[in-house]
> 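One structure is given below, represented as structure tokens, and several questions about it will come after.
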Amino acid sequence: MTAVELLRAELTRAARELGAPDPIEPALDRPRDPSFGDWTTNLAMVLARPLGMKPRDLAEALIARADLGRAGVRVADIAGPGFINFRLEGAAVAGRLVEVLRAGAAFGTSDAGHGTPVVVEFVSANPTGPLHVGHGRQAALGDAIASLLGSTGWAVSREFYYNDAGAQIQKLGASVQARIVERAGGALAIPEGGYHGEYIAEIAERYVAEHPGDPAGHEAERVREFAVAALRVEQDRDLQAFGVRFDTYYLESSLYTDGRVDETVTALQQAGDTYENDGALWLRTTAFGDDKDRVMRKQDGTFTYFVPDVAYHVTKWRRGYTRAINVQGSDHHSTVTRVRAGLQALRIGIPEGYPEYVLHQLVTVVRGGEDVKLSKRAGSYVTVRELVDDVGRDAVRYFYLMRRADSQLSFDVDLARTQSEENPVYYVQMAHARMSGIFRVGEVDPASVTGVGVDFGLLTEPDEWELINALVDYPTMVSAAAVALEPHRLTTYLHETAELAHRWYHRHHVLSVEPALMAARLTLARATQIVLGNGLALIGISAPERM
RNA sequence: GCGCCAGUAGCUCAGUUGGAUAGAGCAACAGCCUUCUAAGCUGUAGGUCGGGGGUUCGAUUCCCUCCUGGCGCGCCA
């Protein structure tokens, strides 16, 4: 048992002896100010009312009854309105570095998920244009969430859903066709709601070059397929540049060709919550929390987009994913209720909260002090590729993950470019590089540092204790971030820990001190290197040995 | 009008599920390189946590209400 666990047990026993009603679960937190101690509890304040005592008196009684020495507590004192602060023995704090060294790359992982299959769907852009900065945020978020789940014991699959069917694709084809005709000297208007971007003209040019038999673009279907294929290739390149890989790609068109859309409609009709009205087929989604019923099959006989959406999520369930997470822009949030309602209406045992959603607020791009309009159809946007080329993959990823998903993100391209050298990501990477530098200069193999035979009592500097506490808290932070599906906790943690590492590095030397202390500090340098490296790897950012 | 998400330092944003004197980066100002990388460290300044009520030992955090901004509210995706 670690010191914290022993401490919690002792406090529980003491509280029970004082007559506190079960359940007693003393909260042990890190104090806001590290000088207060290693751990703090508000137990005396929580129990003051039920026990009819003043918080500070109760705190004294708790301290007197608990066997704090057994938990490695050196000092316990009462502060403020009734906090009890604990300072542990040096060896109890620093000795935990051994856990980090022993686990190495596995430090911070757990089996909380018990190998349960979970599918994380993200990006899922229509193949109607290159990936823009909003997709970039999804790519960073989705990939990091998948990594978090993977490192906490879930069997994760990253999935990309291509909306390669429907009206938007028709318009894409027609748009390209219009450009082809234009090149041939004719005139054909780009359809209402079509695509005007430069890339449309480029695709038209390539089509003509590769299809000499159809210089005027008469073969509409072939043009459309060519455009979709071309854009998928482009999107794949963008994702590759960003370092994101998917395990599976699911095509919306396949839902039609293999009959799953029809099956789903039939199943919904049989389940009983559908009705016909005005020549359309409706689903009674209001029975499942929606504010109005939704059309499934339009008057013209085609399906609304939400039908294949439901069919698609049925496949996730059927493929064994008892948990599904969708990362989407908040502009799609109206689909949440609808898709869930459709799945519930099938009555096939899918849980109510299936799938889970991580909705992120939109990304605005600022360039030259002004907002850049992100409109695919007007042909003006900033792509992920541009961003990555400008400031680098690591920086882009880090920037995307610095903020909570549900806070708006304004990406100042100029700032990201000009300040690339003072980018926060370099701060974290530099801390890792500095730890690596110690081993390089000292000609010590990091892998040889095991902590065996080290006198951890020699690590007595407050700077060292703060750093050690941060390092051993890493697994707790990862677990919490995974449960909350909040990768931004990682960047926050990494920055804080890097700050402690820089300070320690600056104030205390490792290689120029007596051998016993050097051995102890090498374990700290090694543990820091491991934790920063593991954290960066988790969010897909490199951890350089030198910079 | 209804729903979702936000409002914290000049700017961009954190705030460990209700705790102590609210933090970081950038921007501003003042210092620190003969020692493992100055892509670093130290210090100063900067706040009615959108406003107002409520819940309790205690609220940036929970509840109510108003204000402001973003996004939704199609037989578009």
Side-chain angles (χ1 to χ4, degrees), chain A residues 27 29-33 36 40-42 45-46 48-49 54-55 79-83 85 126 128 163 165-169 171 193 252 277-282 291-292 294-306 308-309 329-337 359-362 364 366 399 402-412 415 419-431 433-442 444 473 476-477 480-481 484 488-489 491-493 495-496 498-499 501-503 505-513 518 521 525 546-547:
Chain A
D29 299 302
R30 297 293 191 185
R32 181 176 297 279
D33 186 337
F36 293 162
T40 186
T41 184
N42 61 0
M45 289 181 286
V46 173
R49 179 179 285 264
K54 291 180 182 173
F83 291 99
N85 295 327
N126 291 359
T128 53
N163 292 106
Q168 297 308 316
I169 298 298
K171 284 175 182 168
E252 181 190 5
N277 190 28
D278 290 339
L281 180 66
W282 297 69
D291 56 353
K292 59 180 81 165
R294 304 292 168 176
V295 169
M296 295 169 62
R297 192 175 57 223
K298 296 179 270 186
Q299 285 179 336
D300 67 6
T302 61
F303 296 109
T304 56
Y305 72 94
F306 114 92
D309 255 13
S330 64
D331 54 335
H332 285 75
H333 90 262
S334 64
T335 68
V336 175
T337 310
L359 299 181
H360 67 84
Q361 294 291 312
L362 294 185
T364 58
V366 178
F399 265 98
M402 280 198 307
R403 293 141 169 99
R404 296 202 324 268
D406 51 14
S407 95
Q408 291 173 32
L409 185 155
S410 79
F411 210 118
D412 190 326
L415 199 69
Q419 295 189 339
S420 64
E421 290 206 346
E422 299 185 2
N423 209 307
V425 68
Y426 294 119
Y427 185 82
V428 178
Q429 290 180 315
M430 187 62 197
R434 281 182 147 176
M435 297 304 126
S436 305
I438 292 171
F439 293 104
R440 185 172 58 245
V441 173
V444 176
D473 284 347
T476 307
M477 183 279 304
H488 78 276
R489 297 193 190 196
T491 50
T492 303
Y493 169 87
H495 194 275
E496 287 171 357
E499 183 176 10
H502 280 302
R503 185 181 302 153
Y505 177 91
H506 187 261
R507 291 180 177 171
H508 311 288
H509 269 248
V510 176
L511 299 177
S512 55
V513 297
M518 182 175 95
R521 286 186 173 165
R546 61 198 310 169
M547 297 178 73

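We name chains A, B, ... by the order of the sequence lines, and we start the count at 1 in each one. Model, not experiment: these values are computed from the prediction.
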> Round to a whole Å and report the spacing from NZ of A:K298 to P of B:rG74.
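In whole Å, B:rG74 P and A:K298 NZ are 14 Å from each other.
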> Using atom NE2 of A:H332 as one end and atom P of B:rG74 as the other, report the distance to the nearest whole Å.
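After rounding, the gap between these two atoms is 15 Å.
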> Please classify the nucleic acid contact of A:Y505 as base, sugar-phosphate, or nothing, using heavy-atom distances under 4.0 Å.
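Touches a base.
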> Measuring from A:D309:CG to A:N163:CG, what's the distance to the nearest 0.5 Å?
7.0 Å
> With the sugar-phosphate defined as primed atoms, P, OP1 and OP2, and the base as all remaining atoms, what B/S/- string results for nucleotides 13-18 of chain B, 5' to 3', for protein heavy atoms under 4.0 Å?
SSS-S-
> What does A:R297 touch in the nucleic acid at a heavy-atom separation under 4.0 angstrom: a base, only the sugar-phosphate, or nothing?
nothing
> Could you check how far CD of A:E499 sits from P of B:rG43, rounded to whole Å?
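Answer to the nearest Å: 10 Å.
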> Which part of the nucleic acid does A:H502 contact within heavy-atom distance under 4.0 Å: base, sugar-phosphate only, or nothing?
sugar-phosphate
> Measure CZ/A:R434 against P/B:rA39 and give the value in whole Å, please.
8 Å
> Which is true for A:G437 with a 4.0 Å heavy-atom rule: it touches a base, it touches only sugar-phosphate, or it touches nothing?
sugar-phosphate
> Please give, in whole Å, the distance from B:rG1 P to A:D291 CG?
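Rounded to the whole Å, the gap is 17 Å.
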> Mark yes or no for whether A:H502, through its side chain, and A:Y427, through its backbone, hold a donor-acceptor pair below 3.5 Å.
yes
> Looking for any heavy atom pair under 4.0 Å, which part of the strands does A:A79 touch: base, sugar-phosphate only, or nothing?
base
> Would you kindly give the NE2-to-P distance between A:H509 and B:rG40, to the nearest whole Å?
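For the pair A:H509 NE2 and B:rG40 P, the rounded distance is 17 Å.
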> How does RNA chain B look in dot-bracket notation if pairs are Watson-Crick or G-U with both distances under 3.5 Å, crossing ones as [ ], other-strand ones as |?
(((((((..((((.....[...)))).(((((.......))))).....(((((..]....))))))))))))....
> Name the residue closer to the 5' end of RNA chain B, choosing between A:H508 and A:P424 according to the nucleotide with the nearest heavy atom.
A:P424
> Any idea which heavy atoms bring A:R521 and A:V513 closest together, and the distance?
NH1-CG1, 3.8 Å
> For the backbone of A:D278 and the side chain of A:Q299, can you confirm whether one donor and one acceptor N or O come within less than 3.5 Å of each other?
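Yes.
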> Could you state the atom-to-atom distance from CZ of A:F83 to C1' of B:rA20 in whole Å?
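It works out to 5 Å between those atoms.
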> Have a look at B:rC64 and give me syn or anti from its glycosidic angle (syn if within 90° of zero).
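B:rC64: anti.
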> Counting only heavy atoms not in A:R440, do more than 12 sit closer than 6.0 Å to its CZ atom?
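More than 12 heavy atoms, drawn from other residues, nucleotides or ligands, come within 6.0 Å of this atom.
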> Name the nucleic acid region contacted by A:V510, choosing base, sugar-phosphate or nothing; use a 4.0 angstrom heavy-atom cut-off, strictly under.
base
> Counting only heavy atoms not in A:K298 (residues, nucleotides, ligands), do more than 12 fall under 6.0 Å from its NZ?
yes
> Measure CD/A:Q361 against P/B:rG72 and give the value in whole Å, please.
10 Å
> So what does A:H360 touch, heavy atoms closer than 4.0 Å: a base, only the sugar-phosphate, or nothing?
nothing
> At 4.0 Å (heavy atoms only), tell me whether A:D278 reaches a base, stays on the sugar-phosphate, or touches nothing.
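Base contact.
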> Syn or anti for B:rU17, please, going by whether the chi angle lies within 90° of 0.
syn
